[in-house]
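Below is one structure, written out as structure tokens, with a few remarks after it.
Proteins get letters first, then strands, A, B, ... in listed order; numbering begins at 1 in each. Owing to the predicted nature of the structure, the values given are computational and were not obtained by experimental measurement.
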Amino acid sequence: MIHRRKIFNLLQSDQPIDHVLIKGWVRTRRDSKNFSFLEINDGSCLKNIQIVADNALTNYDDITRLSTGSAVAVSGKLIESKGSGQKWEIVAKRLEIISIAPETFPLQKKRHTDEYLRTIAHLRPRTNKYGAAFRIRSELSFAIHKFFRDRGFKYIHSPIITGSDCEGAGELFRVTTLPMDHPPLLDGKTDYTKDFFGKEANLTVSGQLSAEMFALALGDVYTFGPTFRAENSNTSRHVAEFWMVEPEMAFCDLKGNMDLGEEIIKFLTGFILDACIEDIELFAKYVDKQLITTLNHVAEAEFKRISYTTAVEILKQSGKTFEFEIDFGKDLQTEHERYLTEAHFKKPVIVFDYPKTLKPFYMRLNNDQKTVAAMDVLVPRIGEIIGGSQREERLDVLENRMDEMKMPKQNYWWYLDSRRFGSVEHSGFGLGFERLLMLVTGITNIRDVIPFPRTPNSIEF
RNA sequence: UCCCCAGUAGCUCAGUUGGCAGAGCAGAUGGCUGUUAACCAUCGGGUCCGCGGUUCGAGUCCGUGCUGGGGAGCCA
């Protein structure tokens, strides 16, 4: 019995092979007088391999009834193709039909809309475009671990279930084992002391607070895992469950943080251009004609760094009328971010030092007492892809800010402890993994870069 | 959550002033050919998103609901 080979490897062969075995799914079939030509894909790469099935095969009648989507196992000889469309093909000695996809198989030999494919998300990875997208997703995940490991970062598994009830501004998904239709009550309100953890629990909206604790022990760390936001967001850039990369570095200020943010975007873009060029070319051909130019530009151009104050001045002097007027103290709207990165600088832009009123409690207060050491990386088409900051390491300043924002300090006793015992300057950021995938593939809807997207009113599959 | 657009065959869409429901692709059948999203011919295929209304008559007009998409807010 010979081993199953991946089509990816066979197509790279530099010589014919007498005995090969492949298994995969039929993409299309073309019958000729004495043969049937089958295109087989096994998911290992974008390309199919052509099978030549001679009518002398004992099950030839069944072979000529093979439909798109059917599964087969083919053993035979890998030879240089006599046709002109491909280098290699397999002349079948034996073609086993593993299972037939009937004519109700929803994927046809033609282009489908992304909207339709979303309704059959369980089958869409069998298409060229989604196969490519999810191969790239896999490579990009690997590249993230490689990037950090090469730089001495340690990978931290931060918890998915958290007990902090306001670690971020985002809406939270409650985690409970209490019966929803008749929860135990105390003074008319749900009694969470009877719940599984003895208090309210939620799905995490960020691994940052955990990562900070480990950065202050292991030096440079990162998390890479699922994140949950219960916001009622209905856009092409938001999902309720997504993956986030969060590095956190001890002895690192905002500049070092920006350096790392720029470096990782460049590294990952370059890595994918190198490792996934065949799949990337599909997107360059059918999704975004400018994709490879854009990616090369992102990988090589120096990111523009400007303060929030400068950004506001640029926007005011742009002569452009925005739907939302910009002024110091107002948040940058999508239209403002797009103007900066797409029209004004035409490359990735890092905006830093935002007014403290716009940002969360943990960001480090600057000497002007008005701004905090925050930074956002904006890229063309996507907008914000990274949000981060230098963290407030001074206990008294941190406690003052929490008081100002009326936060219950006792819930954060352990977080504050880190500022009591050997506190040091440190920084980190969150990088949206799906948004990064949108950047490198040119895919414009975030629902199409995650296997089974979760959005308001939608959790099929 | 707000604003805008769409929903017609398995898929992608057309459907005129309110007057018999259409095309391409897919499928089935037959033919041709070392074929390349193969090609040629024939055939089958409809809850026109749901509900209500206007009208002699509604795919078409009005109201409402649902679903999908685009944009905004929130953000990764």
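- When the P atom is compared between B/G50 and B/G73, the two are found 36 Å apart, to the nearest whole Å.
- Look at the C1' atom in both B/G19 and B/G59: the space between them is 13 Å, to the nearest Å.
- As judged by a 4.0 angstrom heavy-atom cut-off over every strand, A/Arg27 is placed among residues making no nucleic acid contact.
- Atom name C1', nucleotides B/C32 and B/C39: the rounded distance is 8 Å, in whole Å.
- Side-chain to base pairing of A/Ser233 with B/C75: no donor and acceptor N or O lie closer than 3.5 Å to each other.
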Which donor-acceptor pairs under 3.5 Å do the side chains of residues 318-330 of chain A make with protein atoms, sequence neighbours left out?
| unit_1 | atom_1 | unit_2 | atom_2 | d |
| --- | --- | --- | --- | --- |
| A/Ser318 | OG | A/Leu315 | O | 2.8 |
| A/Ser318 | OG | A/Lys320 | N | 3.1 |
| A/Asp327 | OD1 | A/Lys316 | NZ | 2.9 |

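- No hydrogens or angles were tested; on distance alone, nothing pairs the side chain of A/Glu335 with the base of B/G71 as donor and acceptor under 3.5 Å.
- Counting non-hydrogen atoms under 4.0 angstrom, A/Glu89 reaches a base of the nucleic acid.
- Side-chain N/O atoms of A/His112 and base N/O atoms of B/C11 include no donor-acceptor pair closer than 3.5 Å.
- Side-chain contact annotation: A/Thr371 with A/Asn366, donor-acceptor N/O pair under 3.5 Å present.
- At a cut-off of 3.5 angstrom, the base of B/U35 holds at least one donor-acceptor pair with the side chain of A/Gln86.
- In this structure, of B/A76, B/A72, B/C75, it is B/A76 that holds the atom nearest to the side chain of A/Phe242.
- A/Asn457 contributes no side-chain N or O that forms a donor-acceptor pair with the base of B/U67 under 3.5 Å.
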Set out, in order, the CA-CA distance, both residues' side-chain angles and the distance that settles ring pair (Phe, Tyr, Trp, His ring centres under 6.0 Å) for A/Phe352 and A/Tyr308, then state yes or no. CA-CA 6 Å; A/Phe352 58 92; A/Tyr308 166 90; over 10 Å; no
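- Using a 4.0 Å cut-off between charged side-chain N and carboxylate O, A/Lys146 and A/Asp150 make a salt bridge.
- Distances from the side chain of A/Thr28 to the nucleotides B/A38, B/G34, B/A76 place B/A38 closest.
- Remark: A/Thr104 is not in phosphate contact with B/G10, judged by side-chain N or O atoms under 4.0 Å from OP1 or OP2.
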Show me the protein contacts with nucleotides 24-27 of chain B, counting only N or O atoms at under 3.5 Å.
| unit_1 | atom_1 | unit_2 | atom_2 | d |
| --- | --- | --- | --- | --- |
| B/A26 | O4' | A/Gln108 | OE1 | 3.4 |

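- In this structure, A/Ser236 reaches the sugar-phosphate backbone alone: every heavy-atom distance under 4.0 Å involves primed, P, OP1 or OP2 atoms, never a base.
- For CZ of A/Phe461, the number of neighbouring non-hydrogen atoms (other residues, nucleotides, ligands) closer than 6.0 Å is greater than 12.
- A salt bridge does not link A/Lys347 with A/Glu302: none of the charged nitrogens is closer than 4.0 Å to a carboxylate oxygen.
- Contact annotation for A/Val245: no contact, since no heavy-atom pair falls under 4.0 Å across all strands.
- Remark: the separation of the P atoms in B/G10 and B/C48 is 12 Å, to the nearest Å.
- Distance check on atom C1': B/A14 versus B/A23 gives 7 Å, rounded to whole Å.
- For A/Arg447 and B/G68, the shortest distance from a side-chain N or O to OP1 or OP2 is not below 4.0 Å.
- Distances shorter than 4.0 Å separate some side-chain N or O of A/Ser32 from OP1 or OP2 on B/G34.
- Mapping A/Arg118 and A/Leu431 onto RNA chain B by nearest heavy atom places A/Arg118 at the nucleotide closer to the 5' end.
- Here, B/U12 and B/G68 have their C1' atoms 15 Å apart, quoted to the whole Å.
- Among the protein residues, A/Thr227 comes within range of no part of the nucleic acid, since none of its heavy atoms lies under 4.0 Å from any strand.
- Taking atom CG of A/Asp114 as the reference point, atom P of B/G70 lies 9 Å away to the nearest angstrom.
- A cation-pi contact, defined as under 6.0 Å to the ring centre and within 45° of the axis, is absent between A/Arg149 and A/Phe153.
- The shortest distance between the side-chain N/O atoms of A/Arg30 and the OP1/OP2 oxygens of B/A38 is below 4.0 Å.
- At a threshold of 4.0 angstrom between heavy atoms, the contacts of A/Leu436 with the nucleic acid are absent.
- The pair A/Arg174-A/Glu200 meets the salt-bridge criterion, with a side-chain N (NZ, NE, NH1 or NH2) lying under 4.0 Å from an Asp/Glu carboxylate O.
- Using a 4.0 Å heavy-atom criterion, one finds that A/Gly85 contacts the bases of the nucleic acid, with or without backbone contacts as well.
- Using a 4.0 Å heavy-atom cutoff across all strands shown, A/Asn34 reaches no nucleic acid atom at all.
- Using a 4.0 Å heavy-atom distance criterion, A/Ser36 is classed as making no nucleic acid contact.
- What you find for A/Arg124 and A/Arg118 is that their closest heavy atoms are NH1-CG, 3.8 Å.
- When the nucleotides B/U12, B/G69, B/U1 are ranked by their closest atom to the side chain of A/Thr113, B/U12 comes out on top.
- Across all strands, A/Glu323 comes closer than 4.0 Å to no nucleic acid atom at all (heavy-atom distances).
- Residue contacts for A/Ile382: at a heavy-atom cut-off of 4.0 Å it reaches no nucleic acid atom on any strand shown.
- The distance between the ring centers of A/Phe345 and A/Tyr339 does not fall below 6.0 angstrom.
- If A/Gly387 and A/Val91 are placed on RNA chain B by their nearest nucleotide, the residue sitting closer to the 5' end is A/Val91.
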